Amino acid sequence: MDRHSRNGESGTPPRDLAILGSTGSIGTQTLEIIRLFPDQFDVKALTCGSNVELLARQVKEFRPECVAVGAPEHAATLKNALTDTGASAKIVVGEEGLCESATRPDVDVVVGAVVGFAGLRPVLEALEAGKQVALANKETLVVGGTLVQEALEQGAGRLLPVDSEHSAIFQCLVGEAERTVENIVLTASGGPFRERAAETFDEITVSEALDHPNWSMGAKITVDSATMMNKGLEVIEAKRLFDVSLDQVQVLVHPQSIVHSMVSFSDGAVKAQLGVPDMKVPIQYALSFPARWEAPHERLDWSEVSRLDFEQPDPDKFPCLRLAYDAIEKGGTAPAILNAANEAAVDLFLDERIGFTDIPRAIEHALGALSPTPAPSLEELYAADEKARRYVEELALPASN
Ligand code: NAD
Ligand code: MG
């Protein structure tokens, strides 16, 4: 493995990792990076919601000290699966287990790759405990952005973006003074329905929504990409991460997903970060920063790139984008209401209990009906999340009868 070890820096002690959500799309790709650089990392904690079979294989391979699973029955299954393997990890359960994994004294770096609101508290606690967090879980920043900011200001923690657009912006900003940023352009693939007629959106099936043209990802973010809520969440994520105003963040549809995002500066210069759509590149950068490590990821082949297209998003076809702007403008718990309503609506759509166009409809109803609380505490965010989920589930009840 010498070929892949960190250029000219052998002898650096390995970094101790906790990977929250190790069985998901980001989690498994993080483990692929660790396989490429085995001398750089020591995996101390792995966690999953319910995919115990895959987690057991990961435990046998990476030998963590601690594993967290979503529920007690999964802990029992995991214990059985590990009998006679020699793996002796401590098994912890639920949100407490995630938080324990994220704050262990023997962990330096936490990869936040849980999907949804469930990732918020462990990431906050990791930052409060002074960990470096490589964050994929954008919902954490959407819901709890101000608490994350406070944790960063008070503690020794540090946040590095994994989301490809935010990694691109972060890479464009290396060596630049933040005040020289004029505006940020977040690129969006436009998802599978960019060219589909709006009149047929009511007929969109789950398998059509899960068929993303450029990226292979978990189910929730794939549906978010199809509704373009993903880009709405990313606008909020960019605002929180880079401390810019809303009107400094522009969304541009770029169907080839080669330009991952761009930054315009006060002298008229524009920087962009490009590459093939492969999450392993931003995951690795969040782990290697400030270094770049030589890696065999796919290279951009310019003989195959004949054009790069850009167009404005269609606000009528993709109302989720506007809903996200509305929520961040309202502030307080409004982004938490937006996020919870979206998570609940996407679950209902995946269960085929509501249609595709019911997703933005449900979110709009929830944002209209539930009034936001300003400057929320963590408890108030939990209450807003719970209330908005219940609201959307109740909204869907007649359709299921
Ligand atoms: P995924 O569904 O593939 O994986 C989610 C992981 O979280 C799994 O390990 C699952 O077991 C775990 N999990 C789910 N619910 C949980 C709960 N309640 N408690 C504990 N663990 C739970 O999702 P993903 O596509 O890897 O996305 C993870 C996060 O990264 C999301 O926030 C997503 O928006 C973000 N992200 C993903 C991609 C991508 O390419 N997949 C790109 C950018 C950002
Ligand atoms: Mg993204």
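Only a predicted model underlies this, so the values are computations on that prediction, with no experimental measurement involved. Hydrogens, waters and symmetry mates play no part in the numbers below; they use all other heavy atoms, side chains included. Note that ligands are numbered from 1 as they come in the structure, with each ligand's atoms numbered from 1 the same way.
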Next item on the list: Report the C-alpha separation of Arg35 and Glu32 in whole Å, then their side-chain angles, then the decisive distance to 0.1 Å, and conclude whether the salt bridge (charged side-chain N to carboxylate O under 4.0 Å, His left out) test is met.
Entry: CA-CA 5 Å; Arg35 287 191 191 100; Glu32 284 182 49; 5.5 Å; no
Quick one: nearest non-hydrogen protein atom to [atom], plus distance?
atom: atom 29 (C) of ligand 1; answer: Val114 O, 3.6 Å
atom: atom 4 (O) of ligand 1; answer: Gly24 CA, 3.1 Å
atom: atom 34 (O) of ligand 1; answer: Lys138 CE, 3.2 Å
atom: atom 25 (O) of ligand 1; answer: Gly218 N, 2.8 Å
atom: atom 10 (C) of ligand 1; answer: Gly49 N, 3.8 Å
atom: atom 32 (O) of ligand 1; answer: Glu139 OE1, 2.6 Å
atom: atom 15 (N) of ligand 1; answer: Val115 CG1, 4.2 Å
atom: atom 9 (O) of ligand 1; answer: Thr23 OG1, 2.7 Å

- request: Identify the residue among Arg194, His212, His254 that makes a side chain to side chain donor-acceptor pair (under 3.5 Å) with Ser189.
  value: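 Of Arg194, His212, His254, side chain to side chain donor-acceptor pair (under 3.5 Å) with Ser189 is met by His212 alone.
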Got Ser261 and Ile184 here, is their nearest side-chain heavy-atom distance under 4.5 Å?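 Ser261 vs Ile184: side chains apart.
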As an exercise, identify every atom of ligand 1 less than 4.0 angstrom from a heavy atom of [X].
X: Ala136; result: 30 (O), 32 (O), 35 (C), 36 (N), 44 (C)
X: Asp163; result: 43 (C), 44 (C)
X: Leu98; result: 20 (C)
X: Cys48; result: 11 (O), 21 (N)
X: Met279; result: 40 (O), 42 (C), 43 (C)
X: Ala118; result: 17 (C), 18 (N)
X: Ile26; result: 26 (O), 30 (O), 37 (C), 38 (C), 39 (C), 40 (O), 41 (N), 42 (C)

Does [X] [atom1] have over 12 foreign heavy atoms under 6.0 Å away?
X: Lys271; atom1: NZ; result: yes
X: Glu311; atom1: CD; result: yes
X: Asp243; atom1: CG; result: no
X: Glu298; atom1: CD; result: no

For ligand 1 and [X], I'd like to know whether there is a polar contact (N/O to N/O, distance under 3.5 Å).
X: Ser216; value: no
X: Gly27; value: no
X: Asn51; value: no
X: Ser25; value: yes

With backbone taken as N, CA, C and O and side chain as the heavy atoms from C-beta onward, which portion of Ile221 lies under 4.0 Å from ligand 1: side chain, backbone, both, or neither?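 Looking at Ile221 and ligand 1, just side chain atoms fall under 4.0 Å.
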Checklist entry - Which is it for Met217 and ligand 1 at heavy atoms under 4.0 Å: side chain, backbone, both or neither? => result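 Both backbone and side chain of Met217 come within 4.0 Å of ligand 1.
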**Asked** Does the side chain of Gln284 come under 3.5 Å of the side chain of His297 through a donor N or O and an acceptor N or O?
**Response**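 Side chains of Gln284 and His297: pair found under 3.5 Å.
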Under-4.0 Å salt bridge between Glu61 and Arg57
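Salt bridge absent between Glu61 and Arg57.
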| message | Between Arg353 and Glu393, does any NZ, NE, NH1 or NH2 come within less than 4.0 Å of an OD or OE carboxylate oxygen? | response |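 Salt bridge: no.
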- Going through the checks in order, is the salt bridge (charged side-chain N to carboxylate O under 4.0 Å, His left out) test met by Lys220 and Asp224? CA-CA 6 Å; Lys220 192 258 175 184; Asp224 284 351; 2.7 Å; yes
Tell me whether the rings of Phe356 and Phe193 are parallel (<30°), tilted (30 to 60°) or perpendicular (>60°).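 Ring orientation, 0 to 90° scale: perpendicular.
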So His166 and Phe242, would you call those rings parallel, tilted or perpendicular, with 30° and 60° as cut-offs?
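If you compare the ring of His166 with that of Phe242, the planes turn out parallel.
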inquiry  = Please give the atom name: the N, O or S atom of Glu165 nearest to the Mg ion (ligand 2).
reply    =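 In Glu165, the N, O or S atom with the shortest distance to the Mg ion (ligand 2) is OE1.
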Practice prompt. May I ask you to decide if Leu17's main-chain N or O and Asp108's side chain share a donor-acceptor pair within less than 3.5 Å?
Written response: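 Pair absent, no side-chain N/O of Asp108 close to backbone of Leu17.
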Any Lys220 heavy atom less than 4.0 Å from ligand 1
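Judged by the 4.0 Å heavy-atom criterion, Lys220 does not count as contacting ligand 1.
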Can Ala113 be said to touch ligand 1, with heavy atoms closer than 4.0 Å?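 Checking ligand 1 against Ala113, which is what was asked, there is a heavy-atom contact under 4.0 Å.
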Rounded to the nearest 10 degrees, what's the angle OD1 of Asp163 makes with OE2 of Glu234 at the Mg ion (ligand 2)? Could you check?
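Result: 100°, to 10°.
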- Query: If you measure from CG on Asp202 to OG1 on Thr357, what distance do you get to the nearest 0.5 Å?
  - Reply: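 Nearest 0.5 Å value for the CG-OG1 distance: 3.5 Å.
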